[in-house]
> 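Sharing a structure, written as structure tokens. Questions coming.
Reckoned from all heavy atoms, side chains included, excluding hydrogens, waters and symmetry mates. Residue numbers start from 1 in every chain, and the chains themselves are labelled A, B, ... in the order their sequence lines are given, proteins ahead of strands.
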Amino acid sequence: MTSPQPPDFAGSIPAHRYTAALAAGIEQRWQNYWQDNHTFDAPNPAGPLADPAGVANRAKLFVLDMFPYPSGAGLHVGHPLGYIGTDVYARFKRMQGYNVLHALGYDSFGLPAEQHAISTGIHPRVNTNANIANMRRQLRRLGLGHDERRSICTTDEEFYKWTQWIFLQIYNAWFDPSISRARHINELIAQFVSGERSTASGDAWNTMTPAQKSLETDAYRLAYLSDAPVNWCPGLGTILANEEVTADGRSDIGNYPVFRRNMRQWTMRISLFSDRLLEDLERLDWPEPIKLMQRNWIGRSEGARVSFSSSAGEINVFTTRPDTLFGATFIVLSPEHPLVEALSTTEQRESVTAYIAQASTTTDTDRQDDSRAKTGVFTGSFAVNPVTNQPIPIWIADYVLMGYGTGAIMAVPSGDQRDFEFARQFHLSIVATQMPADAWFDAHHIAPSNDCSTWPSAFVGEGTYVNSANDSLSLNGQRSINDAKSLMNAWLSDRNLGEATVTYRLRDWLFSRQRYWGEPFPIVYDEDGLAHDIPESMLPVLLPELADFSPQSLDPMDSTSDPVPPLARVTDWVTTTLDLGDGPRTYRREVNVMPQWAGSCWYELRYLDPTNDQFFVDPEVEKYWMGPSSAGHTGGVDLYVGGVEHAVLHLLYARFWHKVLHDLGHVSSEEPFHRLFNQGYIQAYAYRDDRGQTVPAEEVKEQDGSFFHADEKVHREYGKMGKSLKNIVTPDEMYDEYGADTFRLYEMAMGPLEASRPWNTRDVVGMQRFLQRLWRNVIDEDTGLLTVSQDAVPEILLRQLHKCISGVAADMEALRFNTAISKLIELNNDLTQFVNSGHHAPVGVITPMAQMLSPLCPHLAEEIWALLGHSTSITFEPFPVADPRLLASETVEIPVQVNGKVRSRIVVAVGMSRDDLLAAAMADDKVTAAIGSATPTKTIVVVGKLVNFVL
RNA sequence: GCCGGCGUGGCCCAAUUGGCAGAGGCACCAGGUUUAGGACCUGGGUGUUGUGGGUUCGAGUCCCACCGCCGGCACCA
């Protein structure tokens, strides 16, 4: 890294030039001032941080960043992009009079800290706190206007106490489908007691044992223990949520193999909220691509449930194409389907058992590889197709997933490619229900035929229905798929053989992890193994101290060993004596911990009221900052900025928790984040030599479009900043070489906030030069004295100023900081010209310039503000307002086109009428020359814009 | 394979939403200043708007096809 000011020429640099060293002095002075004066403390209407006078008569604004995980590597220049963006916006809105809440906490539970502890033997809390201290230092130097009082860590005991409390709210809640809302579990029990709702067992509630009652309520609780198939990752020693498993069946973190197996785990019934999570997306101000990703993830799919009779009872299948039921020639069950055992005949049992065993040890990687040949086995039993009354064989295959639909499908090989391949593989019959158009046969080079043995693949699309009739129903002939579906659904429904239904891709959320560094569950088990919640008065359940952080060591391919969570080894913690209302008894604690997502599901609510020990957030405080702004508004954070990587994880989980809290009456807002903005990523070039080794990017020189490292030619690539690519640039380097204001300005100027772009350190100097020129317009570089004059601003400069004000205000409101900056540079360039022509900068320009610069470069703006003689911070000064009279110019230049080509430009009065404009254009010599003797066939006049003659 | 997003001077990016292709920064070139370099000042835009069609008086912008890059999903019945 070359230094912009070589020390041996230090004498030639004016003493008061805006250098990195000068900036550092200014910046640290104002950072201390803000801290000492609590400049950014936002008043609350109630609770411990109440300051009603500070709240009165101001609109509120809650600006939020996706909070960081305190990584040991510290920050690189890509990390603060969003934080700077929200800071600029928050400062801008403060100047417009808003009471702005802006704070930053730390998402400090998680795997990396634990893995660090395993390798070093140092407690994760020690390492986590050190990392947080380092990140706080790096971020403080950036000059972010955060309310320090509200900076929480998810690992704080007083924070995770409330994470556990919210878990208990969810545990003690059920979903009432009749009103589509969560309700307290006691209201369900009341229904059981009164008989309004019958129990699953059919027994009267009051006659049931505690174990029976527990079984009944567990079937409804929004947090429950389930024995479902989970994603077991022996390499990490834990299970993972679906969202944490990559498409190729490996862990998102660490890239270890993941296996499907049954385990008893805490699960949350997020799937019951599918419709609300889907529908309420319409009410959110979010980027459309993120909404689409959530829609795809929820995966709502309309179809029908169809019942097939069999020797083991009814088999229910889900299909999106009930109209093809006449072509269902076999049934396929998932290997985990509960009826498999009963349907397997004696002759087939051995091969069925073998297939199930083999399927259970197959990794998701293999199972989801769609290029793999279909596998499966015949159960020996048959079902009856309800429309044809024909017996059809029942097979088992792993391409049918237990977790989706009913875990069973009706196979229509003529209309589904997977079923087609399966039928071909095992020589099962294929019956056409739709005749494709001739073009389809032409495309496959075969003669049109409804004999599917000649078909090369299944046919999916609109086609004439064939072979689709029985005594009471006929779909045959030309009709739309939708009409055919409706006819079939009605027929099935009339006979109680099925009904239209909806299925979702979204599964319930696996919520326990076999780790140490996470929130303990506020759950204990009695001697009968029944779960009990810990009363609120006993929260938090503290994470016990641990001497050895190692998990049991497992081979990443060991799919069968059971996990032993670290907490299970803390025997004096696991066994505890509590009085849960029926006297002191011995209990066994839950030894799993919550996943890292838990804290981030609600942290924004704690920012609102971080020190409240009575509520997780005071209801009045929540209503003030996040309540709906009008009828039908969802409420929530006014602006949430973060990366797109959380589209279906954090953002979906947090919405789910928030909705439960809303339904139970704890928050007034229906959604946590009303407006979402995805910032882009800053990436960087990296360089490899011929051996494929990365070389330090800062040592690479460019020459004639090629790149060299120590005279050796190297190859450029583009990627994330990281150790492995040797292309990290840190904020600290930027502070040292340019200062924080220049760094902030560069990050905001390099492109739109939502765009990803490459970092280029050598471009930063442009922003430093701008601030140097601005500084030089205010200060004599040699003496350090203010040179601003009290003279009136000349009209030309005044007009340039107001044009700038108007544009910058609009750009900042729309988060277009890059164009706001270009307008400020433009104004400063105009001002520089004025100063260079022998004038001093007028105070009438410098004052609004300092105000406009303040959100972007707050330290320099504060410094100039103080030099101008003000004794209070610029933070709450009003943002300049443009004078409309100075925006409108008197004349405007209008291009005149002939046949769409610009032939001349005429200067006319603003607001000139259509006729006058046309006359002025026709009077222009160049225009008449271009038209010549021809007569225009058409004349287009756009008032104030252009004139076009078409010959 | 399906679904998104993006392609504008050498580079990062603007363009009042269909109306003169250029705001700003980097780089580059020339001149000034300077013993010199850096810094500073003045001036300079280097282009088939990814390609090919279409709509229109007029297309960077709208439509269609294709190419390239990035991202999401992927045996979801």
Side-chain angles (χ1 to χ4, degrees), chain A residues 4-6 8-9 12-14 17 19 247-248 287-290 292-293 295-297 299 301 303 317-321 332 367-372 374 397-401 403-412 415-419 421-422 503-507 644-645 647-648 681 683 702 705 718 745-746 749-752 754-760 762-767 769-770 772-773 776 781 807 810 816 818-826 829 832-833 836 893-902 904-905 936-940 942 944-951:
Chain A
Q5 276 97 25
D8 45 325
F9 302 111
S12 65
I13 295 172
R17 173 157 296 175
T19 59
D248 53 349
E288 211 44 53
I290 300 292
L292 192 64
M293 282 163 69
R295 281 188 202 111
N296 289 342
W297 191 262
S301 165
V317 306
F318 174 75
T319 176
T320 55
R321 291 294 303 274
V332 187
R367 194 157 163 175
Q368 292 185 356
D369 178 4
D370 52 8
S371 65
R372 191 173 60 119
K374 293 276 182 291
D398 64 4
Y399 79 94
V400 176
L401 309 174
Y404 183 79
T406 62
I409 63 158
M410 62 179 217
V412 183
D416 182 287
Q417 188 57 28
R418 295 155 302 181
D419 298 343
E421 287 167 18
F422 194 82
T503 287
Y504 302 89
R505 211 188 73 113
L506 181 67
R507 317 290 164 80
V644 71
E645 73 273 21
V648 289
Y681 293 105
Q683 298 192 314
E702 182 178 358
Y718 182 58
L745 202 55
Y746 174 65
M750 60 198 291
E754 67 271 26
S756 292
R757 47 260 156 97
W759 176 266
N760 231 330
R762 66 176 192 183
D763 289 355
V764 179
V765 71
M767 292 303 115
R769 287 178 191 151
F770 160 53
Q772 281 174 343
R773 283 198 299 274
R776 199 158 38 233
E781 278 195 332
R816 295 189 303 251
N818 54 327
T819 49
I821 291 166
S822 89
K823 291 177 174 92
L824 282 168
I825 294 174
E826 206 176 352
N829 288 348
T832 303
Q833 257 185 357
N836 286 341
E893 193 184 68
I894 304 276
V896 182
Q897 300 177 340
V898 177
N899 284 339
K901 287 197 172 132
V902 179
S904 182
R905 296 165 218 276
T937 56
K938 195 169 179 183
T939 307
I940 290 103
V942 183
K945 296 268 190 185
L946 97 167
V947 178
N948 186 13
F949 296 104
V950 185
L951 304 182

> Taking side-chain hydrogen bond (donor to acceptor under 3.5 Å, both in side chains) as the test, write out the residues that go with E754(A), two or more places apart.
none
> Not counting sequence neighbours, which residues clear salt bridge (Lys or Arg N to Asp or Glu O under 4.0 Å) with D419(A)? List them please.
none
> OP1 or OP2 of A77(B) sitting under 4.0 Å from any side-chain N/O of R321(A)?
no
> For U42(B), which nucleotide is its Watson-Crick or G-U wobble mate, given both distances must be under 3.5 Å?
A30(B)
> Return no unless some side-chain N or O of K823(A) is found under 4.0 Å from OP1 or OP2 of A23(B).
no
> Does C26(B) have its OP1 or OP2 closer than 4.0 Å to a side-chain nitrogen or oxygen of R769(A)?
yes
> Using Watson-Crick or G-U wobble geometry with both distances under 3.5 Å, which nucleotide pairs with G37(B)?
none
> Return the nucleotide paired to G4(B): Watson-Crick means purine N1 to pyrimidine N3 with N6-O4 or O6-N4, wobble means G-U with N1-O2 and O6-N3, both under 3.5 Å.
C70(B)
> If you check every side-chain atom of P758(A), which of C26(B), C12(B), C41(B) has the closest atom?
C12(B)
> Verify the contact: side-chain N or O of R776(A) to OP1 or OP2 of C41(B), cut-off strictly under 4.0 Å; return yes or no.
yes
> Go nucleotide by nucleotide along RNA chain B from the 5' end; which of L946(A) and S822(A) gets its closest nucleotide reached first?
L946(A)
> Identify which nucleotide among C12(B), C3(B), C75(B) has an atom closest to any side-chain atom of M750(A), counting heavy atoms from C-beta outward.
C12(B)
> Do the non-hydrogen side-chain atoms of Y404(A) and T503(A) ever get within less than 4.5 Å of each other?
yes
> Choose from C75(B), A77(B), G25(B) the nucleotide whose nearest atom is closest to any side-chain atom of Y399(A).
C75(B)
> When you get a sec, tell me which of C26(B), A14(B), G19(B) is the closest nucleotide to the side chain of N818(A)?
A14(B)
> Taking the six-membered ring where the residue is Trp, are the ring centres of Y681(A) and W759(A) under 6.0 Å apart?
no
> Roughly how far, to the nearest 0.5 Å, is the CZ atom of F770(A) from the CG atom of L824(A)?
5.5 Å
> Could you tell me the separation between the CZ atom of R505(A) and the P atom of A77(B), rounded to a whole number of Å?
10 Å
> Rounded to whole Å, please give me the gap between CG in N760(A) and P in G10(B).
17 Å
> Could you tell me whether T937(A) contacts a base, only the sugar-phosphate backbone, or nothing, with contacts defined as non-hydrogen atoms closer than 4.0 Å?
nothing
> Taking CG from N296(A) and P from G5(B), how many angstroms apart are they, rounded to a whole number?
12 Å
> When the P atoms of C66(B) and G60(B) are considered, how many whole Å apart are they?
23 Å
> Let me know the distance between CZ of R816(A) and P of G24(B), rounded to the nearest Å.
17 Å
> Using OP1 and OP2 only, check whether a side-chain N or O of Q833(A) sits under 4.0 Å from G43(B).
yes
> Within 90° of 0 counts as syn, otherwise anti: where does U34(B) fall?
anti
> Are T939(A) and N948(A) close enough, and set up right, to give a side-chain contact (heavy atoms from CB on, under 4.5 Å), and what steps lead you there?
CA-CA 6 Å; T939(A) 307; N948(A) 186 13; over 6 Å; no
> Of all the choices, U42(B), A77(B), G4(B), which nucleotide is nearest to the side chain of N836(A) once you look at every atom?
U42(B)
> So Q897(A), base contact, sugar-phosphate only, or nothing? Heavy-atom distance under 4.0 Å.
base
> What nucleotide among G25(B), G4(B), C57(B) has an atom nearest to a side-chain atom of I940(A)?
C57(B)
> Provide the Watson-Crick or G-U wobble partner of U49(B), both distances under 3.5 Å; none if there is no partner.
none
> Determine, stepwise, if the pair I825(A) / M767(A) fulfils side-chain contact (heavy atoms from CB on, under 4.5 Å).
CA-CA 9 Å; I825(A) 294 174; M767(A) 292 303 115; 3.9 Å; yes
> Of N948(A) and P895(A), whose closest RNA chain B nucleotide lies nearer the 5' terminus?
P895(A)
> What are the two closest heavy atoms between M293(A) and V648(A), and how far apart are they?
O-CG1, 3.6 Å
> Phosphate oxygens OP1/OP2 of G25(B): is one of them under 4.0 Å from a side-chain N or O of N829(A)?
yes
> Would you kindly check if the NZ (Lys) or CZ (Arg) of K938(A) is within the cone defined by 45 degrees around the ring axis of F949(A) and under 6.0 Å from the six-membered ring centre?
no
> Provide the distance between the two P atoms, one in G72(B) and one in A59(B), to the nearest whole Å.
37 Å
> Determine the Euclidean distance between corresponding P atoms of G7(B) and C11(B); express it in Å to zero decimal places.
15 Å
> If I take atom CD in residue Q772(A) and atom C1' in nucleotide C41(B), what distance separates them, rounded to the nearest angstrom?
14 Å
> Rounded to the nearest Å, what distance is computed from the CZ atom of residue R507(A) to the C1' atom of nucleotide A74(B)?
13 Å
> Once each nucleotide of nucleotides 44-49 of chain B is scored for protein heavy atoms under 4.0 Å, what B/S/- sequence comes out, 5' to 3'?
------
> Given G43(B), G25(B), A14(B), identify the nucleotide with an atom nearest to the side chain of T819(A).
A14(B)
> Rounded to the nearest Å, what distance is computed from the CZ atom of residue F422(A) to the P atom of nucleotide C75(B)?
17 Å
> Round to the nearest Å and state the distance from R17(A) atom CZ to C40(B) atom C1'.
6 Å
> Does S756(A) reach a base, just sugar-phosphate, or nothing at all? Heavy atoms under 4.0 Å.
sugar-phosphate
> Can you tell me, in whole Å, how much space there is between the P of U55(B) and that of C63(B)?
16 Å
> Looking at C26(B), does its base get a donor-acceptor pair with the side chain of D763(A) below 3.5 Å?
no
